[in-house]
Amino acid sequence: MPVRKAVLPAAGLGTRFLPATKAVPKEMIPVVDKPGIQYAVEEATRCGIEDILIVTAPGKEAIADHFAASERLEAQLRSVGKNDELALVRSLSELADISFVTQTEPLGFGHAVSLASEYAGDEPFVVMVPDEIVPEPLEHEVEPLARMIEVFDERKAAVIVVQEVPGEEISAYGVIEPGESWGDVVEVRRIVEKPRAHEAPSNLAARGRYIFTPDIFDALARTPGGIGSEIQLTDAIGLLAAEPQGCLAFVYAGTILDVGKKIDYLRASVELALRREDLSKPFKEYLMERARSLEP
């Protein structure tokens, strides 16, 4: 079956961004002028996926509110003639067919994915981590999710996206041991969660985009809980890699922006602002002026 569904896990506490995330879901923190999760939804729709499930947690109702129609706001914008803003607000509720499921206990990334079993049914689906923003590709760049879908259509096996990362950052990711390769696609022999640099099987790290068949739910059911009874998706991917169907990785050399940590969030904000036609020139001028003012 074609890939036409996406799951966005958005149930994490976001403790790295406290105190902001005490009342605001981390996925709703603006990156330039859009919440992080909106970038993921837009990415999915660019690749033809308009059926989306968002896994939330208690207290994260703002995510659903963001993508729902707002008659009161629309009426107010209409009454004062702010037609551009009205069109922008309306477009949010028309982006995709979005549904929600609640993860009532913080039992890990893998558990959040397992809650999509009824939604996925017998179809393949995408998992997209909202903390990892894939901006709209520049002219020379590939749309990674579109390429992953191509690989899945050809091989009918799970596909994850990986990137080369420097040794000092390896311990922040799940890292694969690559096997046979076919151009930009490699076999995943195994995957290790957050290894120390000298123990990592390679420098190819998973970067928050996955395509699974429903076999992932059986693998998650067989995955033991770790610290705090959390179920890790990485462990379930390791089980898939050991199966005859196996698991593949698309090695992506383009831009993926991590907004899960403060310094990365700031870098992502700068990168996305510099890609905007309405902001690039004045923002670049400001950055250059600020850099000159800091010179000794």
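Worth knowing before you read on, the calculation uses all heavy atoms, side chains too, and leaves out hydrogens, waters and symmetry mates. Computed from a predicted structure; not experimentally measured.
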For the student: nearest non-hydrogen atoms of [X] and [Y], plus distance:
| X | Y | result |
| --- | --- | --- |
| A157 | G246 | CB-O, 3.9 Å |
| I170 | N203 | CD1-CA, 3.7 Å |
| A11 | T56 | CB-O, 3.6 Å |
| R209 | E132 | NH2-O, 2.6 Å |

Taking atom [atom1] of [X] as the centre, does the number of heavy atoms from other residues, nucleotides or ligands within less than 6.0 Å exceed 12?
| X | atom1 | result |
| --- | --- | --- |
| K156 | NZ | yes |
| E71 | CD | no |
| E199 | CD | yes |
| E136 | CD | no |
| E243 | CD | yes |

Handout entry: Y119 ring center within less than 6.0 Å of F217 ring center
Key = no
Are any non-hydrogen side-chain atoms of [X] and [Y] less than 4.5 angstrom apart?
| X | Y | answer |
| --- | --- | --- |
| V251 | Q163 | no |
| V24 | T21 | no |
| R16 | K262 | no |
| I160 | I237 | yes |
| V270 | Y265 | no |

Practice task
Please check if any side-chain donor atom of Q38 sits under 3.5 Å from a side-chain acceptor atom of H66, or the reverse.
Solution key: yes
Handout entry: Side-chain H-bond candidate by donor/acceptor type, E141 with T255, under 3.5 Å
Key = yes
Problem - R78 (side chain) donor-acceptor with L73 (main chain) under 3.5 angstrom - result: no
Problem - Donor-acceptor contact present, side-chain S181 to main-chain V186, <3.5 Å - result: no
Problem - Option among I54, V55, I52 that satisfies the side chain to side chain contact (heavy atoms under 4.5 Å, CB included) test with V7 - result: V55
